[in-house]
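Please read the structure below before turning to the comments.
As the structure is a computational prediction, the values presented were derived from the model and not from experiment. Letters A, B, ... mirror the listed sequences (proteins, then strands); counts begin at 1.
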Protein chains: 2
Amino acid sequence: MPIKEADLARVRELPFLKAASEDTFRRLIQGAFLQRFPAGTTLLTEGDSVDFLYIVLDGTVELSGTWNDKETILALLGPLSTFILAAVVLDASALMSATTRDRSDILMISGETLRRVMHEDAAFSFAVSQELAGCYRGLVRSMKSQKLRGGIERLANYLITQRVRQGNAETITLPHEKRVLASLLGMTPENLSRAFASLADYGVVVNGPLVTIGRLVVLTRLAKPDALIDNHAPDDMRGRGKALLEAWPNQPERMTV
Amino acid sequence: MPIKEADLARVRELPFLKAASEDTFRRLIQGAFLQRFPAGTTLLTEGDSVDFLYIVLDGTVELSGTWNDKETILALLGPLSTFILAAVVLDASALMSATTRDRSDILMISGETLRRVMHEDAAFSFAVSQELAGCYRGLVRSMKSQKLRGGIERLANYLITQRVRQGNAETITLPHEKRVLASLLGMTPENLSRAFASLADYGVVVNGPLVTIGRLVVLTRLAKPDALIDNHAPDDMRGRGKALLEAWPNQPERMTV
DNA sequence: TTCCAGCCTTGATCTATGTCAGGGACGATG
DNA sequence: CATCGTCCCTGACATAGATCAAGGCTGGAA
């Protein structure tokens with residue numbers, strides 16, 4: 001699948017590629033290729049050695065981990081997210097599996113090339129550090145949410161975050177299947193169902209993938225959102241400006257759970 | 001407190017500083033200072049803006065997060081660990097609090113200087129990326145452990161990891177108070193106590209801070225350690241060689257919980 | 001020495017969460 | 001249209017984990 005000019009322009013706007021010199025960018029793109037995958041394709045299995053940096057141009061990718069026949073979703077990535085950057089930088093094997101959830105267009109950049117150009121373009125290298133730092137901080141937030149909050153509270157905060165992202169509409173659309181959301185939030189689908197039921201007392205009405213937050217104040221009092229855990233950066237502020245560089249480094253869809 | 005030559009030599013061996021040029025290193029050190037803190041000193045509170053990169057030269061530092069009057073320990077750092085690097089790179093505020101557990105000697109490097117020299121020394125910048133990538137992957141491991149395993153399994157794996165670290169001796173010494181360990185492992189002290197009691201059936205004998213693993217095979221069958229979650233890199237292999245750069249990037253004491 | 005505070009353990013109890021089983025709604029397919 | 005599969009919800013139950021209360025141990029301070 002040929003890489004269109006428009007695609008190039010889009011990825012060029014990614015903070016960590018924006019910082020790259022013309023030459024660096026050209027070299028990164030030269031060995032890159034763009035591929036379309038159907039839903040459900042496994043791009044990478046945990047333990048695999050990693051040869052490419054992946055960039056989601058379209059679709060959704062799920063990052064998951066397994067142990068002892070159990071699986072958990074660690075992140076859900078939408079367009080203009082990169083993934084597996086840490087493994088590429090260290091030339092190490094993947095700690096997570098990556099699977100497409102929808103049909104997805106993925107740009108793949110040679111890891112070897114990436115490491116090489118990093119040694120020659122300090123500004124680019126710095127931007128990669130920022131990208132990684134943002135990923136790290138996203139995970140710290142998730143970890144805090146996971147260890148400090150109960151399931152209902154995690155869900156309540158998820159809903160509030162989605163609400164902000166979706167323009168503060170009273171009714172939001174869940175961007176993923178409920179069982180996927182459950183795994184992301186660290187609970188079983190059954191439990192998520194019950195958690196939604198509990199939230200009825202707080203003005204939350206569920207209708208399939210549509211969730212109406214009737215009394216935001218009440219829900220917020222339960223959720224107790226925290227700037228050091230939750231990341232409410234709205235859609236149209238993502239990926240722009242230093243203040244928000246950290247907020248949604250490269251995973252617009254990654255949820256702080 | 002003056003910075004001794006011996007201290008400089010030690011930090012120079014840190015992978016991410018080893019990659020720095022003489023000039024870069026000199027500039028980093030010029031504005032740095034070394035300070036001794038008593039046990040229990042708060043170096044940084046979550047939400048604070050971060051002006052320095054911290055390096056533990058001696059002692060122990062605890063990284064913790066709070067929400068709704070609850071607290072959890074996210075990492076425990078021993079000598080030659082850096083911390084708060086991600087916030088420094090992004091010039092963002094801290095997501096975790098940092099507190100000394102023992103009397104500790106801490107080297108503080110100006111964050112502003114660090115960012116500046118990164119723009120001029122690509123090799124150094126790359127090494128910082130590797131450091132951050134290692135931190136990120138450490139957290140991914142923790143997250144998987146937290147979401148996929150139960151408390152007893154987390155403890156069992158912790159013990160096995162410690163055993164490897166402490167030279168495969170049958171009896172290991174817990175490096176921290178049990179209530180601290182409990183928080184790190186994501187459980188209450190009471191529960192940790194009971195978890196230890198359960199492990200008696202698997203040949204684990206506890207005597208204060210001394211833990212004897214009588215039948216490693218039996219314990220291992222319970223723990224099901226996994227190379228993609230647990231990090232068994234022994235003490236004398238830390239911080240050396242590319243293969244292990246990732247393993248214990250900068251937190252020799254950080255536990256994958 | 002005596003006293004006290006902090007740490008750890010233990011038992012009883014409660015709550016949150018997981019597991020299992022059943023059934024309804026919906027959409028794809030024949 | 002009928003059927004099947006998937007997703008989701010719900011109830012009953014089991015288990016893990018948290019909480020509360022009490023008591024033992026130990027090490028430092030008076």
Legend entry - Those residues that, when tested against A/F52, pass side chain to side chain contact (heavy atoms under 4.5 Å, CB included) (two or more places apart): A/F33, A/Y54, A/M108

Inset, instruction - Just jot down the side chain to side chain donor-acceptor pair (under 3.5 Å) partners of B/Q35, sequence neighbours excluded, or say none. - result: none

Legend entry - For A/E46, all residues meeting side chain to side chain donor-acceptor pair (under 3.5 Å), sequence neighbours excluded: A/T66, B/K144

Inset, instruction - Identify, with sequence neighbours excluded, every residue that meets side chain to side chain contact (heavy atoms under 4.5 Å, CB included) alongside B/S198. - result: B/I152

Legend entry - Sugar-phosphate only, base, or nothing, as touched by A/E177 at under 4.0 Å among non-hydrogen atoms: sugar-phosphate

Legend entry - Pairing residues for A/R103 by the side chain to side chain contact (heavy atoms under 4.5 Å, CB included) criterion, not counting sequence neighbours: A/R36

Legend entry - Span of DNA chain C in contact with chain A (heavy atoms, under 4.0 Å): C/dT17 to C/dC20

Inset, instruction - Applying side chain to side chain donor-acceptor pair (under 3.5 Å), name anything that partners B/S49, two or more places apart in sequence or on another chain. - result: none

Legend entry - Any residue meeting side chain to side chain contact (heavy atoms under 4.5 Å, CB included) with A/N191, in chain and number order, not counting sequence neighbours: A/M187, A/T188, A/R194

Inset, instruction - Check side chain to side chain donor-acceptor pair (under 3.5 Å) between B/T99 and all other residues, then give those that pass, not counting sequence neighbours. - result: none

Inset, instruction - Residues of residues 194-213 of chain B with any non-hydrogen atom less than 4.0 angstrom from an atom of DNA chain C: list those, numerically ordered, please. - result: B/R194

Legend entry - Member of A/R149, A/R141, A/R154 meeting the salt bridge (charged side-chain N to carboxylate O under 4.0 Å, His left out) criterion with A/D230: A/R149

Legend entry - Span of DNA chain D in contact with chain B (heavy atoms, under 4.0 Å): D/dG17 to D/dC20

Legend entry - Position toward the 5' end of DNA chain C (nearest nucleotide), A/G151 or B/R179: B/R179

Side-chain atoms of residues 207-223 of chain B: list all donor-acceptor pairs with protein atoms under 3.5 Å, sequence neighbours left out, distances to 0.1 Å.
{"unit_1": "B/T212", "atom_1": "OG1", "unit_2": "B/T171", "atom_2": "OG1", "d": "2.8"}
{"unit_1": "B/T220", "atom_1": "OG1", "unit_2": "B/L216", "atom_2": "O", "d": "2.7"}

